[in-house]
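Okay, structure first, notes after.
Note that the coordinates shown come from a computational prediction; the quantities given were computed from them, not determined experimentally. Only heavy atoms go into these numbers, but all of them, side chains included; no hydrogens, no water, no symmetry mates.
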Amino acid sequence: MRGTKKTNSEFIIDTLRTGQTLRSPEITQMVSDAAGKEVKIQDIASIIAKLSNSEKCDLGYIISKTKGDRGFVYNMV
């Protein structure tokens, strides 16, 4: 049986399921709040780069990564 502790990937997915269009710093802050601990932006950026790439992960088909004014923004489609 699986424990109740979530991985950073699960926290990122939960954050994106809010329907908001978010940048990496915003996702990092929301994941840190949900996890109850500080999470580095580099870790989140690395994970979300893999999750949004359809060649590496099936979630890449439903996570949209688009170029915004100040960098990439992510949301669930």
Side-chain angles (χ1 to χ4, degrees):
M1 187 170 143
R2 189 176 158 186
T4 59
K5 186 174 179 181
K6 288 187 176 185
T7 64
N8 285 342
S9 296
E10 290 172 320
F11 282 122
I12 291 170
I13 293 165
D14 289 345
T15 300
L16 292 174
R17 287 180 60 204
T18 63
Q20 301 174 6
T21 299
L22 302 166
R23 295 179 49 240
S24 293
E26 297 163 332
I27 295 170
T28 302
Q29 183 60 47
M30 293 174 81
V31 168
S32 292
D33 293 344
K37 63 179 183 176
E38 186 177 342
V39 181
K40 294 181 181 179
I41 192 168
Q42 297 93 334
D43 296 339
I44 298 300
S46 173
I47 294 169
I48 200 161
K50 291 175 187 168
L51 291 176
S52 64
N53 184 346
S54 60
E55 294 178 7
K56 294 184 180 183
C57 180
D58 288 338
L59 289 174
Y61 293 106
I62 61 171
I63 297 176
S64 170
K65 175 182 176 181
T66 54
K67 182 80 170 160
D69 294 337
R70 301 184 317 170
F72 287 104
V73 293
Y74 303 90
N75 69 330
M76 287 262 192
V77 293

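Counting all heavy atoms, side chain and backbone alike, I41 lies closest to S24 at CD1-C, 4.2 Å. Residues V77 and S64 come closest through the heavy atom pair CG1-CB, 3.5 Å. Nearest heavy atom pair, residue T28 against residue V39, reads CG2-O, 3.3 Å. Closest heavy-atom contact between Y74 and I27: CD1-CD1, 4.1 Å. Closest approach of I63 and S52 over heavy atoms only: CG2-CB, 3.9 Å. Nearest heavy-atom pair, R70 versus R23, reported as atom, atom and distance to 0.1 Å: NH2-NH1, 2.9 Å.
A continuous path of hydrophobic side-chain contacts links M76 to I44 [ILVMFWY only; heavy atoms under 4.5 Å]. Under the 4.5 Å side-chain contact rule for hydrophobic residues, M30 and F72 share a cluster.
In this structure, the side chain of T18 engages the main chain of T15 through a donor-acceptor pair within 3.5 Å. Q29 places no side-chain N or O within 3.5 Å of a backbone atom of E26 that could act as its donor or acceptor partner.
By the 4.5 Å heavy-atom criterion applied to side chains, I62 and L59 are counted as neighbours.
Rounding to the nearest 0.5 Å gives a distance of 6.5 Å between CG of L22 and CG of L16. A distance of 4.5 Å separates CD1 in I12 from CD1 in I47, rounded to the nearest 0.5 Å.
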